[in-house]
Protein chains: 2
Amino acid sequence: MQLRNQVEWALHCSAVLAGVPPGRFLPARALAEFHGVPQAYLSKALQALARAGIVEGTLGPAGGYRLAKPPAAISFLDVVEAVEGRASTFACAEIRRNNPCASPAHPPTGPCAIARVMWEADEAWRARLAAVSLADLGATLAAELPAELRDGIAAWVADRT
Amino acid sequence: MQLRNQVEWALHCSAVLAGVPPGRFLPARALAEFHGVPQAYLSKALQALARAGIVEGTLGPAGGYRLAKPPAAISFLDVVEAVEGRASTFACAEIRRNNPCASPAHPPTGPCAIARVMWEADEAWRARLAAVSLADLGATLAAELPAELRDGIAAWVADRT
DNA sequence: ACAATTCGGATATTGAATATCCGCTATAGC
DNA sequence: GCTATAGCGGATATTCAATATCCGAATTGT
């Protein structure tokens, strides 16, 4: 079980877009160049983010993407679910119903005990992701990144918006 | 991102094996019939459990599988990792290194801030699965399953060991 | 000893999901 | 209005999971 690499790209793109000056747009081409990933495929991830209302895109020259909400209002979970979907990682196929001892007339009531445990773990995972916002990430990066690199990135982004 | 259906099968098989009388073995054929899944493919999951030291198999007539440890010593995480592997769900490709602003002479130190958040969530998921043992599952099932069904299953299993 | 039965591993085949690419349409500025 | 530039959606290859099949090795009961 592995997350799509688009999840990683979407998170990094969201982090960069959080630093775009208000009212400006950063084109997908720039985001792809910045991260060194194929532009055509990255577009898919950005489109998924747009459908989820996390970013918004605009056509034409001077077009591109920007965050649709303040960074504090966007969690890791929002981004991950926009790309991966909202389905649980565990799909219960209800194989207990195939049990030859069970009477088809009395189907089991309530969700399977095994599925419940798996879904609880899934919830714990989501809760952790929901607890961290893009603003939190920005604060962490601001504290960790060398000032020189941070300014370099800001200039690079400003140059393409 | 979705877990393999073999995970579900492995968990259900473990639950059944926890009810096998001590010293006896239940063949894979019976487990496949009980759950209504293809026997040849289920064998793969059982072999993975055997490699992980969760179950042990024995050849010949009256052979089959049984738990290799007491149910209280086997967690959901043990079973899931035996089938899915121990790798994190999030693979960091270090795309921050492709950043055109970063100097290749000064590579970033420590893990990426985004990966750290993802890995923390992954740990929370694993912690939840590690907290539930097969003994816990057995207690839940004993409390929820109708007595008639429980006895029927026990008889069905005893008949094939 | 023999034969039936079981796990173990290796090997195809199918089908879905992933990664990738390309053409279409719409916008903004000259 | 024209042109260059951008996002959008559909079409394509490639990878991987899911399934079936086979044979070999080991073991138990007759």
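Below, chains carry the letters A, B, ... as their sequence lines are ordered, and counting in each starts from 1.
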Residues of residues 4-11 of chain B with a heavy atom under 4.0 Å from any atom of DNA chain D, listed by number, are B/Arg4, B/Asn5, B/Trp9
Residue-level proximity of residues 22-54 of chain B to DNA chain D when a heavy atom falls under 4.0 Å | B/Pro38, B/Ala40, B/Tyr41
Has the side chain of B/Trp119 got a donor or acceptor atom that lies under 3.5 Å from a matching backbone atom of B/Ser88?
-> no
Is a side-chain donor or acceptor of B/Glu120 paired with a backbone partner of A/Arg128 at a separation under 3.5 angstrom?
-> no
Boundaries of the DNA chain C segment in contact with chain B, non-hydrogen, under 4.0 Å = C/dA4 to C/dT11
Output every pair passing side-chain hydrogen bond (donor to acceptor under 3.5 Å, both in side chains) with a member in residues 70-87 of chain B, not counting sequence neighbours, ordered by first then second residue.
-> B/Ser75-B/Asp78, B/Glu81-B/Arg126
With sequence neighbours excluded, residues passing side chain to side chain contact (heavy atoms under 4.5 Å, CB included) with [X]:
X	value
B/Arg160	B/Leu26, B/Ala30, B/Glu33, B/Trp156
A/Thr89	A/Met1, A/Asp122, B/Met1, B/Leu3, B/Trp125
A/Ala102	A/Asn99, B/Leu149

Sorted by chain and number, sequence neighbours left out, side chain to side chain donor-acceptor pair (under 3.5 Å) with A/Arg116 holds for B/Glu144
Please name all residues satisfying side chain to side chain donor-acceptor pair (under 3.5 Å) with A/Glu123, sequence neighbours left out, ordered by chain then number.
-> none
Hey, is A/Arg96 close enough to A/Glu94 for a salt bridge, meaning N to O under 4.0 Å?
-> yes
A/Trp9 side chain reached by A/Arg4 side chain, heavy atoms, under 4.5 Å = no
Heavy-atom side-chain contact between A/Cys13 and A/Leu46 under 4.5 Å = yes
Same cluster or not: are B/Phe25 and B/Leu49 linked, directly or through other Ile, Leu, Val, Met, Phe, Trp or Tyr residues, by side-chain heavy atoms under 4.5 angstrom apart?
-> no
For B/Ala113 and A/Leu137, which heavy atoms make the closest approach, and how far apart are they?
-> CB-CD1, 3.9 Å
Should the heavy atoms of other residues, nucleotides or ligands under 6.0 Å from CZ of B/Arg24 be counted, would the total exceed 12?
-> no
I'd like a table of donor-acceptor pairs (distance under 3.5 Å, sequence neighbours excluded) in which one partner is a side-chain atom from residues 58-71 of chain B, with atom names and distances.
unit_1	atom_1	unit_2	atom_2	d
B/Arg66	NE	B/Glu56	OE2	2.9
B/Arg66	NH2	B/Glu56	OE2	3.2

Strictly below 4.0 Å, heavy-atom distances to any atom of DNA chain C: list the hits from residues 87-98 of chain A, or just say none.
-> none
Positions of residues 61-68 of chain B (non-hydrogen atom under 4.0 Å from DNA chain C), listed by number | B/Pro61, B/Gly64, B/Tyr65
